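Below is one structure, written out as C-alpha cells; comments come after it.
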Amino acid sequence: MPFKSLGLSDPLVRGILATGYSAPTKIQSEAIPAALEGRDLIACAQTGTGKTAAFVLPILHRLELMDPPAKHRNPKALILTPTRELALQIEGCIQDYGRYLDIRALTVYGGSKMGSQLQALKRGIDILVATPGRLLDHMDRKSVSLSDVEVLVLDEADRMFDMGFIKDVQKIVRSVPKSRQTLLFSATISDDIDRLAGGIQKDPLTIVVGKKRNPIETINQRVYFVRKQLKPVLLKHMLNTEKMETVLIFSRTKHGADRITRNLQREGFNTIAIHSNRTQSQRLKALEGFKAGRYQIMVATDIAARGIDVEGISHVINYDVPKHPEDYVHRIGRTGRAEATGDAITLVTEEEGPELSRIEKYTDKYLEPMLYPDFDNEQAAPPRLPRGPRSDSRQGGQRSRGKGGSGRRRDSRGDSRSAKSESSQSGDKKKNSRRRKPKSASNSQGGGKQDSSNQNQNKKRRRKPRKDSQKSD
Ligand SMILES: Nc1ncnc2c1ncn2[C@@H]1O[C@H](COP(=O)(O)OP(=O)(O)OP(=O)(O)O)[C@@H](O)[C@H]1O
C-alpha cells in the first residue's frame with residue numbers, strides 16, 4: 001500500500017518519499033487513516049517502527065487543508081514529549097515530511113534561550129512541540145495560548161502519565177479546548193493508561209501493533225552475570241574483543257554515567273556522556289556528535305532511553321539493570337530500529353537479579369544467563385589495564401578478592417531469581433553444579449564458537465528500505 005492510498009495530500013506524500021520512505025509501516029497504515037478521520041487514538045507499537053510519522057503526518061495533512069495556513073497565530077497542534085532531545089527530533093521529522101508545505105513548527109524546551117522562542121511565538125506558529133516544564137513557563141508568561149489547539153499528542157504517553165509529569169501534563173491539557181483530537185503513542189502502554197486516558201480522550205480507538213511490551217525481534221538480547229566490581233573490566237573486555245560499531249551504554253545514575261565515561265576515555269575509547277546534569281549545549285553536542293559518528297560510544301541515563309533515533313547503533317549495553325521493566329524495552333529499542341538488527345547486552349550483578357526477573361516477567365521472555373567468552377568472572381583482581389593506571393585501583397579489584405561470581409537459577413515453576421554467589425555458598429563446587437549453568441556466548445571476535453547471537457551481529461545493520469509486502473501485514 002503506498003502512502004498516497006492512506007489519504008494523504010500530494011505535497012505531503014512527496015515530502016515522505018523525499019525523506020526516503022517508500023511505504024508505510026504497519027502502525028502508520030493503521031493509525032494514519034483513523035487519525036485522519038478525527039478519532040482519538042491510543043497507539044502502541046514496538047520501538048523503531050515509525051510511530052512519529054504515524055502522528056506527525058495526519059497533523060500536517062490537517063494543517064495543509066486549513067485555509068490559509070500562514071495566518072495561524074496560535075498553535076493548531078501541540079505535541080508533548082518527555083525530553084528535550086525527543087522534542088527536537090520530532091521537529092526535525094516535521095521539517096522533513098513537511099518540506100513542501102508552508103507550515104511553521106517550533107520546539108520549546110528547558111535549557112534553551114527564551115528570547116528566540118518568544119519571538120517565534122509572536123510571529124505565529126502552526127505546530128508546537130514542547131516539554132511540559134518549558135511550556136508551562138510560556139503559559140505563565142502568557143506568551144502562548146493553547147486555545148486554538150485542535151490536535152494534542154502525548155508521545156511516550158505512559159511516561160507523560162508518570163508521577164513526575166502527570167500534574168504538569170494535566171494542567172496543560174486543561175488549557176486545550178475539549179473539542180480537540182487527542183493521540184497517545186508509546187511502545188509500552190500499560191492497562192493503567194486506559195484509566196488515565198479516560199479523562200482526556202473521547203471514545204479512543206486502541207491500536208496495538210506487535211506483541212505488547214515485547215522488544216522488537218530484530219534485537220538480539222544477551223545477559224551476562226558479573227560481579228559488581230568486575231563490571232568495568234567486563235565492559236572494556238567486551239569493547240576490545242567484540243566488533244561494536246556504535247554503542248549506547250546506559251547507567252542508572254548521572255554520576256555512574258560520568259564515571260563510566262571517564263574510565264572509557266582513559267582507555268582511549270571515543271566516548272561522550274549525556275544526562276540531565278550536563279548543560280543544554282553539552283547535551284546537544286553529545287547527541288549530534290554521536291549521530292555524526294564523532295563519538296563511538298555514548299553513555300547515558302534514561303533521558304536517552306525514549307524515542308531517540310540514531311541510525312546504526314549496533315549495541316546497547318545496560319551497564320546497570322534498569323529499575324523499571326518498561327525502561328528496559330525503551331533502552332534496548334535504541335538499536336534494532338527500522339528493520340536493522342542490533343544487540344542488547346545487560347550486565348547483571350547478584351543484587352540486580354530480582355530486577356532482571358521483573359523484566360523477564362514484563363516482557364514474558366526468559367533471558368538465558370551467559371558467561372562472557374575469555375572472561376574470568378572469578379578473577380580476584382582485574383587484569384592490569386593498558387592505559388590509565390589509576391583505573392586499576394578504582395575497579396575495586398582488591399575489594400572483590402574472595403567473592404565469587406553471581407548467577408541465577410530458575411525453579412521448577414520457571415521463576416528466575418537471584419542465586420547466591422559461588423563463594424558465598426562456601427565455595428562448594430558441588431552446590432554450584434546444581435545451578436543452571438550460564439551459557440557461554442562465544443561471541444568474541446577472536447575465534448571461538450559462533451552462536452546465533454554472533455550470527456546476528458554479523459548481519460548488516462544498515463537500514464533496509466521497507467518492502468511493499470511488509471508494510472501492512
Ligand atoms: N515508512 C517508513 N519507511 C522507512 N523508514 C521509516 C518509515 N517510518 C519511519 N521510518 C524510520 O524508522 C525509524 C524509527 O522511527 P521512529 O523514531 O518514528 O520510531 P518509533 O516507533 O517512534 O520508536 P520509539 O518507540 O523508539 O520512539 C526512523 O529512523 C524513521 O526515519
Side-chain angles (χ1 to χ4, degrees), residues 1-6 8 12-13 15-32 43-59 79-83 85-97 99 129 153-160 183-189 207-210 212-216 218-219 246 248 250 287 291 300 302-313 316 326-342 344 461-473:
M1 188 203 295
F3 274 104
K4 182 93 186 104
S5 64
L6 296 179
L8 298 168
L12 191 48
V13 171
I16 300 164
L17 298 179
T19 305
Y21 306 169
S22 52
T25 63
K26 200 169 173 204
I27 184 67
Q28 291 162 5
S29 308
E30 295 196 17
I32 291 172
C44 180
Q46 287 160 308
T47 51
T49 55
K51 292 186 289 299
T52 313
F55 61 78
V56 166
L57 296 176
I59 292 176
I79 302 170
L80 287 180
T81 79
T83 65
E85 286 74 15
L86 185 52
L88 284 168
Q89 187 177 291
I90 292 170
E91 189 194 340
C93 292
I94 295 171
Q95 309 297 359
D96 282 346
Y97 311 147
R99 68 186 78 193
V129 189
V153 178
L154 302 190
D155 191 22
E156 307 295 345
D158 54 328
R159 180 81 184 98
M160 302 303 294
L183 310 175
L184 309 185
F185 278 77
S186 184
T188 51
I189 290 195
I207 299 176
V208 179
V209 172
K212 237 178 174 178
R213 299 168 157 193
N214 273 31
I216 192 124
T218 50
I219 306 170
T246 305
L248 180 58
F250 281 104
L287 190 58
K291 280 186 177 172
D302 280 308
I303 63 162
R306 285 188 179 245
I308 297 304
D309 184 57
V310 178
E311 190 170 350
I313 293 181
V316 168
E326 60 274 23
D327 290 342
Y328 174 81
V329 175
H330 289 277
R331 278 183 181 190
I332 71 168
R334 297 316 99 207
T335 186
R337 299 175 71 73
E339 295 186 353
T341 58
R461 295 185 203 282
R462 247 178 306 116
R463 199 159 283 164
K464 285 178 279 166
R466 291 173 194 279
K467 291 188 200 115
D468 268 4
S469 58
Q470 290 173 312
K471 71 205 172 208
S472 58
D473 48 329

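Just so it is clear, the structure is predicted and the values come from calculations on it, not from any experiment. Atoms within a ligand are numbered from 1 in the order they appear, just like the ligands themselves.
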Subject >> Working for side chain to side chain contact (heavy atoms under 4.5 Å, CB included), residues Ile59 and Ile79 >> reply: CA-CA 10 Å; Ile59 292 176; Ile79 302 170; 4.1 Å; yes
Subject >> Full working for side-chain hydrogen bond (donor to acceptor under 3.5 Å, both in side chains) between Thr47 and His330 >> reply: CA-CA 7 Å; Thr47 51; His330 289 277; over 6 Å; no
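Panel note: side chain Gln46, backbone Asn214; a donor-acceptor pair is recorded below 3.5 Å. Within the 3.5 Å criterion, the main-chain N or O of Asp309 finds a donor-acceptor partner in the side chain of Gln89. Glu91 places no side-chain N or O within donor-acceptor distance of the main-chain N or O of Leu88, the cut-off being under 3.5 Å. At least one donor-acceptor pair closer than 3.5 Å links the side chain of Lys51 to the backbone N or O of Ala45.
Residue Arg306 places every heavy atom at 4.0 Å or more from ligand 1. Using a non-hydrogen distance threshold of 4.0 Å, His330 does not register as a contact of ligand 1. For Gly48, the closest heavy-atom approach to ligand 1 falls below 4.0 Å. Residue Gly20 places no heavy atom under 4.0 Å from ligand 1. Ligand 1 lies out of reach of Phe185, whose nearest heavy atom is not under 4.0 Å from it. The shortest separation from a heavy atom of Glu339 to ligand 1 is not under 4.0 Å, leaving the residue out of contact.
Of all the atoms in ligand 1, the ones that sit under 4.0 Å from a non-hydrogen atom of Thr49 are 19 (O), 20 (P), 21 (O). Distances below 4.0 Å separate heavy atoms of Ala23 from the following atoms of ligand 1: 1 (N), 2 (C), 3 (N). Below 4.0 Å from some heavy atom of Glu156 lie the following atoms of ligand 1, by number and element: 27 (O). Within ligand 1, counting atoms from 1 as listed, the ones closer than 4.0 Å to a heavy atom of Phe3 are 1 (N). The distance from ligand 1 to the heavy atoms of Arg337 drops below 4.0 Å at these ligand atoms: 14 (C), 16 (P), 17 (O), 19 (O), 20 (P), 23 (O), 24 (P), 26 (O). Atom numbering of ligand 1 starts at 1 in the shown order; those under 4.0 Å from a heavy atom of Gln46 are 21 (O). Close approach to Thr52 involves these atoms of ligand 1, each under 4.0 Å from a residue heavy atom: 16 (P), 17 (O), 18 (O), 22 (O). Proximity to Ala338 (heavy-atom distance under 4.0 Å) selects the following atoms of ligand 1: 12 (O), 13 (C).
Polar contact check, Ser22 against ligand 1: no nitrogen or oxygen pair lies under 3.5 Å apart. Between Tyr21 and ligand 1, an N or O atom pair is found at a separation short of 3.5 Å. For ligand 1, none of its N or O atoms has an N or O atom of Tyr97 under 3.5 Å away. The shortest N or O to N or O distance between Gly50 and ligand 1 is below 3.5 Å. Of the polar atoms of Thr47, none of the N or O atoms is found under 3.5 Å from an N or O of ligand 1, judged by distance alone.
Only the side chain of Gln28 comes within contact range of ligand 1, with a heavy atom under 4.0 Å; no backbone atom does.
Ionic pairing of Asp158 and Arg306 is present here: one or more N-O contacts between side-chain nitrogen and carboxylate oxygen are shorter than 4.0 angstrom.
At least one side-chain heavy atom of Lys212 sits less than 4.5 Å from a side-chain heavy atom of Cys44. Side-chain contact between Met160 and Pro82: present, with at least one pair of heavy atoms (C-beta onward) separated by less than 4.5 Å.
No side-chain N or O of Asp96 forms a donor-acceptor pair with one of Thr19 less than 3.5 Å apart.
Scanning both residues, Thr52 and Cys93, for their nearest heavy atoms gives CG2-SG, 3.8 Å.
The side-chain contact (heavy atoms from CB on, under 4.5 Å) test with Leu184 singles out one residue from Asp155, Val153, Leu154, and that residue is Leu154.
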